[in-house]
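Read the structure below first, then the notes.
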There are 2 protein chains.
Amino acid sequence: MSPPGTDLRERLHQRGLRVTPQRQLVLEAIDRLGHATPDAVCAEVQSVASGVNLSTIYRTLELFEKLGLVRHAHLGSGSATYHSAASAAHLHLVCDGCGAVDEADIAVAQDLVGRLRSAHGFTPDVEHMAISGLCAACSKSVS
Amino acid sequence: MSPPGTDLRERLHQRGLRVTPQRQLVLEAIDRLGHATPDAVCAEVQSVASGVNLSTIYRTLELFEKLGLVRHAHLGSGSATYHSAASAAHLHLVCDGCGAVDEADIAVAQDLVGRLRSAHGFTPDVEHMAISGLCAACSKSVS
DNA sequence: CTTACTGCAAATATTTTGCATTTGG
DNA sequence: CCAAATGCAAAATATTTGCAGTAAG
């Protein structure tokens, strides 16, 4: 295992980009948070260091996505959330009732993926999928 | 078949709400457009009548959703899009490459729905699902 | 040194809200 | 008439951008 940050250094240097403390902080924050909106990343970063501007967070996340370090998904009406690309691929289950976000293994979508491919020629991006509905707890309270 | 607009009248009257020209125009616009953002609905309405305020469009769409006349889905990063609830239920396939929106029968998700129910106790809202990926045309151009 | 990067403030875009006026029933 | 609905303008959010100063390599 390479020490943390090594991957970031390499990917940035390859393209003639620079390793800044802000970029390292953002990447660490994402790893710690799991899923997070740009705003949440900003708050998390500021709890460690003095302060990183929100614009920089946005620009950094966009860059990281281009570099393949993070991915984003749209969970409902709010902001997009970002998560480390290193973490296992998963589906997002967003509860309309309580807003909780659960994760499901992408294997549960295998059948769907196959059907969309053959019937529509469409190649779904399962990691990016957000599925809304009602979680176990909220299903009960409705019925 | 009842004449168009009858359904709207009934549902509004039932709740002591009023039938206004704006509400009729919005419903007609949604029917004509298929899928549309609030902004697009506004433009479509204004192409027929003189003008309906955007705030009114938002308030009207929210009301219609409560009444079960329309539904909305989040297709990618942009605004939510609304469509008639009367039209057949479907999944939205959004191409990351060209932005095209295709529709798939909800039957293709039957397996996924069952798995999420049994494994997570989660009841997905298939109509609301937006699936991103690459359409047939864009898949080719990438490879 | 060179130029990529950051912070800041202003510009955009999107959706919501308060309130005076209009209007459906 | 009277409560509901609309228009308008302002507020709240979310995201992007121009630019001058800072700092990585």
Side-chain angles (χ1 to χ4, degrees), chain A residues 5-6 8-29 35-46 48-67 69-70 72-82 99, chain B residues 5-6 8-29 35-46 48-67 69-70 72-82 99:
Chain A
T6 299
L8 177 60
R9 289 202 114 70
E10 282 172 12
R11 299 212 196 198
L12 289 174
H13 284 159
Q14 273 176 11
R15 303 204 183 195
L17 302 176
R18 295 173 184 175
V19 179
T20 66
Q22 288 90 338
R23 289 181 176 166
Q24 300 182 57
L25 287 166
V26 168
L27 193 55
E28 287 161 19
H35 294 96
T37 60
D39 207 59
V41 171
C42 194
E44 173 68 14
V45 166
Q46 304 203 333
V48 178
S50 52
V52 174
N53 196 278
L54 235 196
S55 318
T56 302
I57 304 279
Y58 275 101
R59 288 189 277 226
T60 302
L61 289 172
E62 193 186 344
L63 172 65
F64 283 179
E65 194 151 33
K66 237 179 282 177
L67 297 181
L69 293 169
V70 304
H72 81 273
H74 299 279
L75 314 178
S77 307
S79 311
T81 70
Y82 289 79
Chain B
T6 299
L8 177 60
R9 288 202 114 71
E10 283 172 11
R11 301 214 195 197
L12 289 174
H13 284 159
Q14 273 174 13
R15 303 204 182 194
L17 302 176
R18 294 170 184 177
V19 179
T20 65
Q22 287 91 339
R23 289 181 175 165
Q24 300 182 58
L25 287 166
V26 168
L27 193 55
E28 287 161 19
H35 294 95
T37 61
D39 206 60
V41 171
C42 193
E44 173 69 16
V45 166
Q46 305 203 333
V48 178
S50 51
V52 174
N53 196 280
L54 234 197
S55 318
T56 303
I57 305 279
Y58 275 100
R59 288 189 274 228
T60 302
L61 289 172
E62 195 186 344
L63 172 66
F64 284 178
E65 193 150 35
K66 238 179 282 179
L67 297 181
L69 293 169
V70 305
H72 81 274
H74 299 280
L75 313 177
S77 308
S79 312
T81 69
Y82 288 80

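Residue numbering restarts at 1 for every chain, and letters A, B, ... go by the order of the sequence lines. In what follows, every heavy atom counts, from backbone to side chain, and hydrogens, waters and symmetry copies are set aside.
For the pair A/Leu67 CG and C/dA4 C1', the interatomic distance rounds to 14 Å; values are reported in whole Å. The CD1 atom of A/Ile57 sits 15 Å away from the P atom of C/dC5 (whole-angstrom rounding). What separates CG of A/Leu54 from P of C/dA10 is a distance of 17 Å, to the nearest Å. Residue B/Glu62 contributes atom CD, which lies 7 Å from atom P of C/dT16 at whole-angstrom precision.
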Can you pull every protein N or O that's under 3.5 Å from an N or O on nucleotides 17-21 of chain C?
unit_1	atom_1	unit_2	atom_2	d
C/dT17	O4	B/Ser55	OG	3.3

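Checking the phosphate oxygens (OP1, OP2) of D/dT13, no side-chain nitrogen or oxygen of A/Ser79 falls inside 4.0 Å. Phosphate proximity of C/dT23 to B/Gln22: absent, as no side-chain N or O sits under 4.0 Å from OP1 or OP2.
Listed here is the closest heavy atom pair of B/Arg23 and B/Arg18: NH1-O, 2.8 Å. Here the closest heavy-atom approach between residue A/Thr56 and residue A/Thr60 is recorded as O-OG1, 2.6 Å.
In this structure, of C/dC5, D/dA5, D/dG7, it is D/dA5 that holds the atom nearest to the side chain of B/Arg23. The nucleotide whose nearest atom lies closest to any side-chain atom of B/Tyr58 is, among C/dT14, D/dG7, D/dA14, C/dT14.
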Sequence-aligned protein contact record of nucleotides 20-25 of chain D, with B where the base is within under 4.0 Å of a protein heavy atom and S where only the sugar-phosphate is: ---BBS
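Looking at B/Asp39 and B/Thr37, their side chains never bring a donor and an acceptor atom within 3.5 Å of each other.
For the helix from C/dC1-D/dG25 to C/dG25-D/dC1, the angle separating the two terminal helix axes comes to 30°, with each axis derived from five pairs and the value rounded to 10°.
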